[in-house]
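Data block below; observations after.
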Amino acid sequence: MEYDFKAIEAKWRARWTADGTYVSQERNDKPKYYVLDMFPYPSGAGLHVGHPLGYIASDVVARYKRQCGFNVLHPQGYDSFGLPAEQYAIQTGQHPAVTTEQNISRYRSQLDLLGFSYDWSREVRTSSPNYYRWTQWIFSQLFGHGYDQSADQAAPISALTDRFAERGNADLNWAVGEETLTEAGELHFGEGFEGVFSAQQWNGLSEKGKSDLLMAYRMAYLADSEVNWCPALGTVLANDEVIGGLSERGGHPVVRKKMRQWMMRITAYADRLLDGLERIDWSDSIKEVQRNWIGRSTGAQLMFNIEGHQGLNIEVFSTRPDTLHGASFLVLAPEHPFVLDITTESQRAEVQAYQVETAARSERERMAGDRGVTGCFTGAHAAHPLTGDLMPIWIADYVLAGYGTGAVMAVPAGDQRDWEFARAFGLSIPPIFEGHNLEEGAETDKNAVLCNSGDWNGMTCHKALPEAMAFLSEAGLAKPKVNHRLRDAVFSRQRYWGEPFPVCYVDQIPQLIEGDHVLLPEVDAYLPTEEGEPPLARAEKWNVQQGDRMEFNTMPGWAGSSWYFLRYMDPHNENAFCSREKSDHWGQVDLYIGGAEHGTGHLLYSRFWTKFLFDLDLIGFDEPFAKMINQGMILGRSSFVYRIEGTQTFVTFEQRKSHRTQRLHVDISLVQNDILDLDGFRAWRPEFANAEFTLNEKGEYRCGSEVEKMSKSKFNVENPDDLVERYGADTLRCYEMFLGPLEQAKPWDTQGINGVHGFLRKLSRLYRGADGETLVHDGQPSPEGERALHKTIKKVTEDLDRLSWNTVVSAMMIGVNELTEAKAHQRALLQPLAALVAPYAPHMAEELWELCGGSGLVVDAPWPKWDAEKLVESETTYPVQFNGKVRFQFSVPSDTAPADVESAVLQDERTAKQLQGRSPKKIIVVPGRIINIVG
RNA sequence: GCCCGGAUGGUGGAAUUGGUAGACACGACGGACUUAAAAUCCGUUGGCCCAAACGGGCCGUGCGGGUUCAAGUCCCGCUCCGGGUACCA
């Protein structure tokens, strides 16, 4: 066999393993390059062809950089804590660790088949005790720190307690929990303990009191807060795990519930997470997703006095104080604490009914339901801060309690929701924009010109906004305010298969367990206890430590994945999560490749933890991933058969419309080039055993097809193992890269794989004849052969540098076609060629390298360089355009000066023919490119 | 609604700074080899038109305008598709 890929691939994989080829070490004689894949969750289904796409791309880069002389770090591991293994455990009693182990070995064997250059000696698993002890350690650091906003970095809680003991909390500027702030922004730490407290007060607090107070400052803290509770999963979920009111995993309904949970104060980092985006090379769409998720908006906090309620003021957040003259009413969230205080007797019943109604509507119903405008008048009025006019105060569920102050000033002329609300309830809509028709809706363009707005009349909103801000601040009517949509993240899960917290409770006070490593205990069942405690409460002996109750919650899936890229740098360190020496050596991830679905989860949390560890001076960089590429999803191509209704007769695709047919998915393994294997189909399922077929003119049964998501139920899953078996790993690697731009979603179509396989065979035939005889010789290469090689080196190198994986394959194909044409069997050409194809087809490249007598392994072969002189052609052929249309080709010696090209082309008889006697008005010669004659 | 992408032959896609649109493949069609099939090799393949042929012309990158010697690429205005997100004040 001329290209025995099975033998070749097995041979070189064994060699790489035996030699430890891909084990990487810190070294200072070469620049480093860290290329990382998002590590997989090892699911029971194994890999389909979509999974390796990103892995192949990163492997190509890892190999390319290595040949270019970089010291490459290219590790892989498993995100092995998580829900599916636990759900499976609940159903079968199988310990999640066992399932996980099985899934990991399946993944590993599938990955190994593809010839990746991973350094497996650095493998990490988030569920391994050697790994999660450091996840726990980072948690304890988060617990032990808060955020000093003056220094704009994390600072130890001990600094805070020292300060409290000396001078209380005067002039303190630390990030503090929202639940600690009153409506007016005052601190409130419990009964009789508000605002500024003295050292004496602090020192007089009980241990429990101190612990509770400090929770308001810790980066990891316990709080009673509204959380997303998923009854079906029996656990809380973070905001990013809830999509449209349903759980991301499983699609179960999620409700709001008040619970005491561990939280992460990611909000302290909101601005730095936003600013950091400017310094990283990520796609605009992911950056935009993060910006929106953080949702920074700047505006003003305005105060409205409530008529007849001395000293009771409603704070309102507005990004548009320039439209203040148009404010005609206030709207509070139904849950706003003042609602019942201000509601008049006559409105009380109606208001309470509305509150009940709102509370009963789940988030999901609100989302799915009608967008009808609802609301209710409280009977109270507030005074307009500029005019003193009375403005009615309403409540409505379009105002959210959790954002801003939970109250808005309605400017119906300038906000569409306010406009609709005013329309629905007949409230006044003061006109404040010149030339705007209020019948049509609100004016939201900031270029609109204001009227009826006092000093701001005639200004555009753009101009009036800063004026309004300055005026209102000066007058003491408003203060500048920045709001974020970002909320602190829930960090507790009521599940078994996760990191246990290194925390126990002593007299209700949470204490870190230091010294002992808290291991995940064995339990008799993976369900909550009868008292509703999480599964860990079942672990007798474990559930009480040091005489006190353990924390029964576990950490969420994103805990382990927030820092795994650091552990690869120093995977076996027993004294630290990663030594500073190692993290300084490897630094940021230079290239991160993975799906775009983690925009608001993993990618935000790992940035947060990185910044935190940077603040603690434990690592030297505060963004984890310098450059990221998000690969697109590979879609499946489903095949269909058409059954005449009520029969077992199947008609071919061409005739499907001449009968009443049902379209049924058919397993794509039974279909080759849209033609169905009839016997295979009959044998596929018992109900098709007696199937009859109506064939087309060629006597074939043609199937229909459609591109859709790959899934088992659609029988369109392409398994990489089968393709490796049929074509070899090198073919699969090249083909996945050849499909199209990495970032684009694209359909999987196995038909094209033949072409790529053919390319590799053709490549092989340059080196070895049909009978296996070596064709490589030491003759002098022809100029054509040299030009073909150097052209290919140039194109491949440039395309790899701009990460254009797909065009590299085309370039290699063109190169091989041209070299074949030039009968290029000279060692001087074929040896660099083997080095050139090595990143894409590493197994074959080793074989060909060896055949050429290359020294060592091709993995370490220096990247070939192109020689510009070899590319120079003696003649340049210009396309000659007349008025922009190409009319003929014109060749001149390549060193002809543009002016000489011009005069030469004008003397050409074809030019005269085109001009038909006219004289050219203008001639443009773009050297080496094109000639355009205007005339 | 808002934000981010995208639209190029029968299909996947290429065209990197405005410079020959359709590279490279797939598929299809025709041919060679073969008892046959597979494999391999050769040729044709955006549409329309003129020509017996050699050749030649016109149109063409979602739609409509514009800038330019020259536009898939830049500008203005739309349409459709994909993804994200949502009563965020």
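Treat the numbers as computed from the prediction; the structure is a model and nothing was measured. Letters A, B, ... are given to chains in the order of the sequence lines, protein chains preceding strands, and every chain is numbered from 1.
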With a non-hydrogen cut-off below 4.0 angstrom, is A/Val926 in contact with a base, only sugar-phosphate, or nothing?
base

When all nucleic acid strands are considered with a 4.0 Å heavy-atom cut-off, which category describes A/Arg487: base, sugar-phosphate, or nothing?
nothing

What are the two closest non-hydrogen atoms of A/Asn630 and A/Ser283, and how far apart are they?
OD1-OG, 3.7 Å

RNA chain B nearest-nucleotide lookup for A/Met409 and A/Pro747: closer to the 5′ end is A/Pro747

Please lay out, stage by stage, how A/Arg291 and A/Glu288 fare under the test salt bridge (charged side-chain N to carboxylate O under 4.0 Å, His left out).
CA-CA 5 Å; A/Arg291 282 192 196 104; A/Glu288 204 57 28; 3.1 Å; yes

Which is true for A/Ile924 with a 4.0 Å heavy-atom rule: it touches a base, it touches only sugar-phosphate, or it touches nothing?
base

Name the nucleic acid region contacted by A/Asn883, choosing base, sugar-phosphate or nothing; use a 4.0 angstrom heavy-atom cut-off, strictly under.
nothing

Whole-angstrom distance between B/C87 and B/G82, as gauged at atom P:
23 Å

Would the distance check show the side chain of A/His384 and the main-chain N or O of A/Leu324 forming a donor-acceptor pair, the cut-off being under 3.5 Å?
yes

Write down the distance separating the C1' atoms in B/U68 and B/C75, rounded off to the nearest Å.
12 Å

From the candidates B/C24, B/A70, B/C88, the one with an atom nearest any side-chain atom of A/Asn932 is B/A70

Inter-nucleotide P distance (B/G66, B/A14), Å rounded:
30 Å

I'd like to know if A/Lys885 reaches the base of B/U20 with its side chain, counting only an N/O donor and acceptor under 3.5 Å.
no

Partner of B/A37 under the Watson-Crick or G-U wobble criteria, both distances under 3.5 Å, comes out as none

Gap in Å between the two P atoms, one belonging to B/G47 and one to B/C29, rounded
16 Å

Which parts of nucleotides 3-10 of chain B does protein reach within less than 4.0 Å, heavy atoms only, written one letter per nucleotide 5' to 3' as B for base, S for sugar-phosphate only and - for none?
SSS-----

